[in-house]
Number of protein chains: 2
Amino acid sequence: MATLNDVAKLANVSKMTVSRVINHPDKVTDDLKQLVYQAMREVDYHPNVAAKALVNNSTRIIKFCVLEDIDTTEPYYMNLMIGIARSLDAQQYSLQLVTRRNFDIGNCDGYVITGMRKKDFDWIGELKKPLVIFGENRFGFDYVDTNNKAGTFMISNLALQRGYKRLIFIGMDSRESFEYSREAGYLQLLQENQMLAEIHRFDNHSHLSQQFVIDNWDKFEPNTCFICASDRLALGAERGIESCGGLIPKDYGVTGFDGVFLNQVAFPQITTVKQAIVEMGMACGDKLLDKIVNHLDTSGSLMFEPKISVGGTIRDDVK
Amino acid sequence: MATLNDVAKLANVSKMTVSRVINHPDKVTDDLKQLVYQAMREVDYHPNVAAKALVNNSTRIIKFCVLEDIDTTEPYYMNLMIGIARSLDAQQYSLQLVTRRNFDIGNCDGYVITGMRKKDFDWIGELKKPLVIFGENRFGFDYVDTNNKAGTFMISNLALQRGYKRLIFIGMDSRESFEYSREAGYLQLLQENQMLAEIHRFDNHSHLSQQFVIDNWDKFEPNTCFICASDRLALGAERGIESCGGLIPKDYGVTGFDGVFLNQVAFPQITTVKQAIVEMGMACGDKLLDKIVNHLDTSGSLMFEPKISVGGTIRDDVK
DNA sequence: ATCGTGCATGTTACCGATAACATTATTTAA
DNA sequence: TTAAATAATGTTATCGGTAACATGCACGAT
């Protein structure tokens with residue numbers, strides 16, 4: 001591998017000049033800059049990351065920590081990681097996947113954390129390095145997330161337009177921010193249309209929503225749509241309806257939230273709110289590197305607008 | 001962060017001695033070693049990875065490349081990554097997630113590659129750094145994989161013992177090693193029991209196996225079990241049987257292969273061959289680091305024995 | 001007693017980059 | 001016209017480790 005010195009010799013300058021061309025180009029004359037650029041191209045120069053890290057007292061490592069039980073989780077985080085990795089790669093940083101248990105082992109320059117709960121507030125607040133949270137929170141940490149409220153508003157609205165008369169929300173039994181926001185989108189739509197809200201909450205498992213639908217089947221007249229806070233719950237609702245003989249999407253509608261994998265393996269595929277997960281991952285990386293490189297204390301939060309992914313659990317036209 | 005120098009001063013030795021205690025402990029007397037260990041504990045010494053990397057001309061980065069289209073794939077690779085990361089972390093290496101497109105950007109010390117096809121043989125063979133492939137192959141690259149043949153043999157045998165009289169194999173329409181091996185396990189069991197093999201192959205999509213079952217429903221008498229080469233195909237078979245009114249597991253059996261996520265979201269859950277993916281990921285990491293640290297050209301391959309994960313698509317007792 | 005041998009430890013130089021300071025060359029102000 | 005300010009480039013020291021070589025000391029053979 002070519003080094004600064006190789007470039008310097010070829011361009012007949014000192015290596016400091018080469019370094020300046022890279023880091024403070026305004027302090028070098030244009031003539032020399034051209035010479036140096038030319039030389040860099042000739043020897044195919046790539047900076048030595050370890051040497052840089054050594055002088056800057058940095059590691060070029062970003063830790064990505066998933067606080068949920070990742071082993072049994074959806075492919076959600078895989079996509080997020082792909083996004084983060086794509087962003088970091090571009091600036092020669094590398095990603096280290098850690099859990100709560102091995103979080104403190106080894107040094108790093110910053111963190112991306114996801115799956116944060118209230119109880120995590122304390123130790124995360126203690127961290128001294130730059131940080132970006134994936135997932136909205138009200139503790140003041142910079143975050144990246146989908147506009148959850150807009151998502152459920154949008155898809156509830158779609159259900160209404162397609163002629164379903166009764167919208168039932170099946171939410172997650174958790175006190176997390178994103179759950180409140182998803183409910184808020186549903187509530188707003190119902191209020192604007194002067195409809196009565198019906199909210200039921202379960203742990204995020206398909207068999208719970210499935211059982212709920214089965215147990216209460218006699219109360220659900222045709223033209224009912226279940227607005228679910230996750231694809232997992234939607235999958236259960238779908239199965240519940242089918243096992244009770246309900247027709248989807250003719251008499252009953254189901255909508256989900258996430259748009260990662262689960263909506264596709266369902267049959268029929270779930271009409272859902274699709275999050276731009278890879279893009280959000282990239283945003284996490286970009287935001288974090290921005291904070292690190294420019295020594296920012298904070299860089300604000302970022303909301304991504306979701307899109308509707310059309311499946312077969314909402315009818316195509318107004319009934 | 002404490003450095004070698006800090007430790008050296010405290011222990012009243014030169015930093016070279018400290019370095020020796022770490023890297024060549026046999027060249028230092030026991031007395032000094034104890035002194036140094038004590039000092040290291042006192043200042044909580046952790047070696048500076050960047051400095052190490054600089055002198056060794058290494059990067060401490062391992063690239064993990066998934067050659068399949070990862071965006072739409074199963075959570076399979078997430079688990080694999082968790083395993084790899086766990087192994088690398090322990091030795092202060094970090095994982096970089098790359099794709100074929102950005103594979104060459106940035107330096108590294110070695111590779112873990114998965115999803116390799118025949119056409120990839122050439123460029124992978126050109127790589128000059130240590131390498132471990134996840135997934136059996138017959139090109140001579142070191143690999144880690146499940147014992148695929150044993151897996152299908154085992155689960156076919158289970159189906160037979162539970163009284164299913166006809167075993168139909170639904171395989172993947174690909175010429176890859178693992179597919180041959182999975183078929184081989186099925187074939188061996190059938191031969192040992194003097195049964196006739198029936199193999200059908202499709203691209204790995206659930207709707208294809210589903211359609212196959214529906215189209216040929218009249219040919220499948222009760223007491224038939226579908227041995228599928230993936231959970232995805234099993235999911236399709238399960239749906240096909242149910243939509244034709246077949247009873248699972250009473251009259252029809254279905255088995256899968258993988259045991260990651262898909263088998264659990266199916267309803268009823270699929271009885272499948274479960275791979276120890278996290279452990280295999282760790283093995284990939286360990287094997288690769290062994291090659292890097294000890295400058296080995298090759299370190300042989302490793303087969304993990306799979307286990308059966310019991311779901312509801314095979315009956316519990318002999319009919 | 002003397003010398004060579006081997007072992008335990010210390011010294012020096014270097015990996016590839018950058019900050020801080022030193023040295024020029026060039027411009028500006030008095 | 002000349003000193004002082006400014007800009008462009010070079011020199012040196014440094015980050016935290018390690019290899020290679022240098023030194024000093026104890027021991028056994030002669």
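Hydrogens, waters and symmetry mates play no part in the numbers below; they use all other heavy atoms, side chains included. Keep in mind the model is a prediction, meaning the values are calculated, not measured.
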Taken in chain and number order and not counting sequence neighbours, the residues that satisfy salt bridge (charged side-chain N to carboxylate O under 4.0 Å, His left out) with Lys9(A) are none
Any Thr3(B) side-chain nitrogen or oxygen under 4.0 Å from OP1 or OP2 of dG16(D): no
In this structure, how many angstroms lie between the P atom of dG17(D) and the CG atom of Asn5(B), rounded? 9 Å
If you look only at pairs with a residue in residues 9-47 of chain B, which of them pass as a ring-ring contact (aromatic ring centres under 6.0 Å, His included), with sequence neighbours excluded? none
The complete set of salt bridge (charged side-chain N to carboxylate O under 4.0 Å, His left out) pairs with one or both residues in residues 19-29 of chain B, sequence neighbours excluded, reads none
Pick out the pairs of N or O atoms, protein on one side and nucleotides 18-21 of chain D on the other, that lie under 3.5 Å.
from	atom 1	to	atom 2	distance (Å)
dT18(D)	OP1	Asn23(B)	ND2	2.7
dT18(D)	OP2	Ser19(B)	OG	2.5
dT18(D)	OP2	Asn23(B)	ND2	3.3

Going by the rule salt bridge (charged side-chain N to carboxylate O under 4.0 Å, His left out), which residues pair with Asp142(B) if we only count those two or more places apart in sequence or in a different chain? Lys291(B)
Give me the bend of the helix from dA1(C)-dT30(D) to dA30(C)-dT1(D), using the axes of the five pairs at each end, rounded to 10°. 60°
Under the salt bridge (charged side-chain N to carboxylate O under 4.0 Å, His left out) test, which residues partner Glu179(A), sequence neighbours left out? none
With a 4.0 Å cut-off on heavy atoms, is Asn57(B) in touch with a base, just the backbone sugar-phosphate, or nothing at all? nothing
Quick one: is dG10(D) close enough that its OP1 or OP2 comes under 4.0 Å of any side-chain N or O from Thr17(A)? yes
Could you list all the ring-ring contact (aromatic ring centres under 6.0 Å, His included) pairs where at least one residue sits in residues 118-140 of chain A, not counting sequence neighbours? Phe103(A)-Trp123(A), Phe121(A)-Phe139(A), Phe121(A)-Phe141(A)
I'd like to check the salt bridge (charged side-chain N to carboxylate O under 4.0 Å, His left out) partners of Arg101(B); sequence neighbours left out, ordered by chain and number. none
Which parts of residues 25-44 of chain A get close to DNA chain D, meaning a heavy atom less than 4.0 angstrom away? Val28(A), Thr29(A), Leu32(A)
Can you pull the salt bridge (charged side-chain N to carboxylate O under 4.0 Å, His left out) pairs that have at least one residue in residues 112-138 of chain B, sequence neighbours excluded? Glu136(B)-Arg138(B)
Contact check, side chains of Asn137(A) and Phe178(A), non-hydrogen atoms, under 4.5 Å: no
Show me the pairs that pass salt bridge (charged side-chain N to carboxylate O under 4.0 Å, His left out) and involve residues 28-48 of chain B, at least two apart or across chains. Asp30(B)-Lys33(B)
